[in-house]
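Some notes on the structure that comes next.
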There are 2 protein chains.
Amino acid sequence: MNLQEGQQKFIETWGTLGSNWGINRTMAQIHALLLISPEAKTADEIMEALHISRGNTNMNVRALMDWGLVFKTLKTGERKEYFYAEKDMWKVAMQVIKERRRRELEPLLGTMSSLKAVQDESAEGKQFASTVQDLDQVIAKADNTLELLLKADENWFINNFLKLLKR
Amino acid sequence: MNLQEGQQKFIETWGTLGSNWGINRTMAQIHALLLISPEAKTADEIMEALHISRGNTNMNVRALMDWGLVFKTLKTGERKEYFYAEKDMWKVAMQVIKERRRRELEPLLGTMSSLKAVQDESAEGKQFASTVQDLDQVIAKADNTLELLLKADENWFINNFLKLLKR
DNA sequence: TTGAAGTTTCAAGAAAAAATGAAAATAAGT
DNA sequence: ACTTATTTTCATTTTTTCTTGAAACTTCAA
């Protein structure tokens, strides 16, 4: 497999993975493209590389920036915006966990808490209460575990950073 | 909120959550329905509760069985099949992790390994190799961690089971 | 063997999600 | 203020995914 085929396969694989996990295929493909680009790319370069429209490119690049996975940079003397991805895959994983936790787990805990208020003594009511309670606990546990993971990672980062300063 | 509203909200929430994570909304809703049902339900009951067709019901119930989240049971003297869900949400979580690991992480490791074979000394080639290598490591790490988690959980289960036998 | 009850399949239709592209908005230089 | 380069928006179109429903299939009992 040569480089070009490899790049193609990488972009395709990342796109498929994304769509299996509820992430727009194109968004994941743009991410993949930027992950393997040594240099930041313009919207035009992305459009050309992936054969997608300007509007699509713009929407998905912005979504990637919202996720904290892609950043914008300006080159002196040029008006175009350049985009590049965070390349450290560990940081990427942590960022995705952080965002999904914020966007989904936390709202879910809110919903569970409102469902815990339902009072009903029928068999259905009892099963409902029990399922909600159990689920709430599992979600809370997952939430705490992920928070710990993220904090540990931040500390690790800060610690390394401090070490660098102290040299 | 009364029981019926709560049930409705639960089913809807679980469905939305599913679709955010790449799982068919209806499949998630059937799962939710069975999670809060004290008794196993027939295809007809599911159809009626969720206003969906027989074909749709059948497809998604089978998918849930493939995921190991729902089981079939027969009542003596009846020809209809009854379906019920695993209710222990911790087990549900472990089962989902197990299946997604098997269906996605493992194939992904295969792809990464084939991409690691790409050799190219250009700047693009170097960035490609570096990204693939880094990603491969992160995925392998996640895979191992999840395997540990699942094994720990199985042991916990086996241990509890043995304790019960020894009483 | 036949028929009734129940389940499964799958082509076609419907719904949902994503992409396009042109117009509007913004920003930067003169 | 005006012109031009660039980005953003969004109504419309396209693509993808999901659902339907009827026919085929299976199972069981008489």
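Convention: sequence-line order gives letters A, B, ...; per-chain numbering from 1. Hydrogens, waters and symmetry mates are skipped; everything else that's a heavy atom, side chains included, is used.
Applying the side-chain contact (heavy atoms from CB on, under 4.5 Å) rule to B/V118 yields the partners A/M1, A/L3, B/F128; only residues at least two apart in sequence or on another chain are considered. A/E99 meets the side-chain contact (heavy atoms from CB on, under 4.5 Å) test with A/W67, A/Q95, A/R102, A/R103; sequence neighbours excluded.
Side-chain contacts under 4.5 Å among hydrophobic residues (ILVMFWY), followed directly or transitively, place A/L148 with no other residue at all. Using a 4.5 Å cut-off between side-chain heavy atoms of Ile, Leu, Val, Met, Phe, Trp and Tyr, B/Y84 falls into a hydrophobic cluster with B/F71.
A salt bridge does not link A/K9 to A/E5: none of the charged nitrogens lies less than 4.0 Å from a carboxylate oxygen.
Taking CG from B/N56 and CD1 from B/I30, the interatomic distance works out to 6.5 Å, rounded to the nearest 0.5 Å.
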Protein heavy-atom contacts under 4.0 Å, written 5' to 3' over nucleotides 6-18 of chain D as B (base), S (sugar-phosphate only) or - (none), form the string SBBB-------SS

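Heavy-atom contacts of chain B under 4.0 Å fall on DNA chain C between two terminal nucleotides, which in 5' to 3' order are C/dA4 to C/dA17.
Counting heavy atoms of neighbouring residues, nucleotides and ligands inside a 6.0 Å radius, atom NZ of A/K141 does not exceed 12 of them.
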